[in-house]
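Each chain gets a letter, A, B and so on, in the order its sequence line appears, and its residues count up from 1. These values consider heavy atoms only, across backbone and side chains, with no hydrogens, waters or symmetry-generated copies.
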2 protein chains.
Amino acid sequence: MTASRVTIKDVAARAGVSKGAVSLAFNHKPGLSEATRERIFRAARELGWAPNLTARSLAGARVDVVGLAICRPARMLGLEPFYMEFVSGVESVLTEHSCSLLLRLVRNLQQEAGLLESWWKGRQIGGSILVDFQADDPRVAVAERLGLPVVAVGHPSLTGGLTSVWTDDATAVTEAVRYLAALGHRRIARVGGAAALGHTAIRTAAFDEAARALAPAGAWQVATDFSGEAGARATRSLLSAAAPDRPTAIVYDNDIMAVAGLSVAAEMGLKVPDDVSLLAWDDSQLCRLTHPTLSAMSHDVHGFGADVARTLFGVITGEGPGSHPVPTPVLTPRGSTAPPSR
Amino acid sequence: MTASRVTIKDVAARAGVSKGAVSLAFNHKPGLSEATRERIFRAARELGWAPNLTARSLAGARVDVVGLAICRPARMLGLEPFYMEFVSGVESVLTEHSCSLLLRLVRNLQQEAGLLESWWKGRQIGGSILVDFQADDPRVAVAERLGLPVVAVGHPSLTGGLTSVWTDDATAVTEAVRYLAALGHRRIARVGGAAALGHTAIRTAAFDEAARALAPAGAWQVATDFSGEAGARATRSLLSAAAPDRPTAIVYDNDIMAVAGLSVAAEMGLKVPDDVSLLAWDDSQLCRLTHPTLSAMSHDVHGFGADVARTLFGVITGEGPGSHPVPTPVLTPRGSTAPPSR
DNA sequence: GATTGGGACTTTACCGGTTGAGAAAGCGCT
DNA sequence: AGCGCTTTCTCAACCGGTAAAGTCCCAATC
């Protein structure tokens, strides 16, 4: 059916011009009369021609694909609302630039570093977004060595000299603890994310510091893998301690674990927020769907993704605004937090 | 830093052979001695060379990228566990073939059809996965006209002559209704997904049919946009009817809406499952995190994605197993369903 | 000893664009 | 008329690979 592929040559022939002229027209470059330009576009339309992006990028023009490799176990991603929302924010900006996203799940950072190298050398991408930084992240060196345009999603202390966009997690954690302390809580726990992640470390340190001052009667931290199951397990273990060693408030590192925590509390016969207060993180739609609704540190993840994508375009064109933080998550009180009973 | 890009020519020079020889070596084609092959690989390694995939695909070799365009409002995707899990299943197979996924969110099917055309003509993809079919879907014609290798995720009645992989939604819906009827429910409602979607229509029809026979005292269906808010609204409206007009069991089209329904019931002072039974769909981790846990029609979404990807490779290489259904979702009873209290 | 066959490479012609160096034509100016 | 300048296009050389056809050389066969 498909009459063998139509190329720039066919269009040129039909419009009665050379290949070069067609190229000029389609890249909106000067040097063609309005009439010719019009004739070329008409011919292209009639033949249903669209420039072959592969050939175009081989010939040196920019590549309109940006890469995103995510390094978390596949099964966990399914439920983590963060990523899809982040990706959809990224997409919203890419679409404006007729750009697509090349997505790949990888097993570890070494694999990701290798992937970036082959994507870049293979001219598959024009730039990339890097997420989930760890201490001494190998990707920093790779990106710099390759000269690959990237935006690093993470605190500058983790991302070396790369252009980065980050949330001020330390301040947010401190605010969360301060809020719970203000409600009267003196025994506060935190169910954190994967210990290897840089931002987890930052939050952990900030919690330590804040809790030392504000939760004199006890502070606990548990590391998890971000899954609901892990959140449930952590919550169960925290809440099963005898009363004086039991926290009256728990902060979670994402929404899923908070939801899991909520149901563990119910299962243990504890009332939320009377017996224990729970505070979620990210504030996806999920927080408004539970009963009681979940208080959360809320965060415009979609906007975050969009900001990152915009910054990446800045880096690619060489005139970006550079590194900057996005707004710090703000506390959104709902039904799952209250002063401790008595 | 990056010494100006290293190409196949540099490798050839270093190994003391021609470009052609390097190409043969890297594609594992016969016609080279072991010694030369080894020398070439060593040279490539020393120079840190990786073949330029763009050039390779221009030259006619196959493209190692598959496309996936999703046509749902960005904000909704964030929370829908289905997609991320589906994507992660697809990825798991693509990775084995060193293949990447080109992802794009589109606003409507016309846009998607156009995108597929330019991806294909631009040699950006070697094939594509099509999801969310609607009646008279324009993508069927486009894929056929272009000769684009695709796998359609949807019932053959919707996907025309395309190779398709589908779940038997009609049977699953019927099983759900039958289960609730067996528990003793006679007034059953269904909170369905987007009406425009083909599989929603199939489920709606199947529910109609099953309910006519098994829920003589009343059957209701509501269409939503799959969001938690819509699920909550629908549930509130169903449950606020006076007792004889109120369903004693509700089936949802995804997990999020079921979670929302659960909290609406709680907020209205209704006990689940005593006053109303709820049945979720897809069975993501979420169903095990609520209290009570959600009974669900459970579905290996990850495996579904993997199966689709495998089928696509079959289509691309021209020797696939062709269209086939994946296992029908099976009922997983948990805490949210029980016989109605008299 | 000439012929055949085939392994190991090299040559060369693309793939479908982009790009910079001209070339032809039109125009104003001296 | 001759000269320089634009404007509008054409030409040909890439970009970095692949693949078919061609070259060489040497062992096996008649």
- Separation of B:R123 atom CZ from C:dG16 atom P, in whole Å? 6 Å
- Query: Who pairs with A:R37 by salt bridge (Lys or Arg N to Asp or Glu O under 4.0 Å), at least two apart in sequence or on another chain?
  - Reply: A:E34
- Message: Nearest whole Å is fine: how far is D:dG17 P from B:L47 CG?
- Response: 12 Å
- Query: Picking from C:dT11, D:dG17, C:dG17, which would you name as closest to the side chain of B:A59?
  - Reply: D:dG17
- Task: Please report, rounded to the nearest Å, how far the P atom of C:dC14 is from the NZ atom of A:K19.
- Result: 12 Å
- Message: Once ring-ring contact (aromatic ring centres under 6.0 Å, His included) is applied, do any residues pair with B:F313, and if so which ones, sequence neighbours excluded?
- Response: B:H97
- Query: What do you reckon, is CG of A:D136 surrounded by more than 12 foreign heavy atoms closer than 6.0 Å?
  - Reply: no
All N/O contacts under 3.5 Å from nucleotides 21-27 of chain D to the protein, with atom names and distances to one decimal?
none

- Here the distance between atom P of C:dG16 and atom CD of B:Q124, to the nearest Å, is 15 Å
- Item | Separation of D:dA19 C1' from B:R56 CZ (nearest whole Å) | 13 Å
- Looking at every strand, decide which applies to B:T7 at a 4.0 Å heavy-atom threshold: base, sugar-phosphate, or nothing. sugar-phosphate
- Report yes or no: do B:S100 and A:R104 form a side-chain donor-acceptor pair below 3.5 Å? yes
- Query: Just to confirm, is there a sub-4.0 Å distance from OP1 or OP2 of D:dT18 to any side-chain nitrogen or oxygen of B:S23?
  - Reply: yes
- Task: Determine the contact category for A:V17: base if any of its heavy atoms lies under 4.0 Å from a base atom, sugar-phosphate if only primed atoms, P, OP1 or OP2 are that close, otherwise nothing.
- Result: sugar-phosphate
- Task: Please state how far atom CG in B:N52 lies from atom C1' in D:dT18, giving the value in whole angstrom units.
- Result: 12 Å
- Message: On DNA chain C, does the nearest nucleotide to B:A21 precede the nearest nucleotide to A:I8 from the 5' side, or the other way round? Give the residue.
- Response: B:A21
- Sorted by chain and residue number, the side chain to side chain donor-acceptor pair (under 3.5 Å) partners of A:S157 (sequence neighbours excluded) come out as A:H155
- For DNA chain D, which residues in residues 25-44 of chain A have a heavy atom at a distance below 4.0 Å? A:G31, A:L32, A:S33, A:T36
- Item | For atom CG of B:L58 and atom P of C:dT18, their distance in whole Å | 11 Å
- B:H324 versus B:D307, side-chain donor and acceptor atoms under 3.5 Å: yes
- Axial bend angle, the helix from C:dG1-D:dC30 to C:dT30-D:dA1: five-pair end segments, nearest 10°: 60°
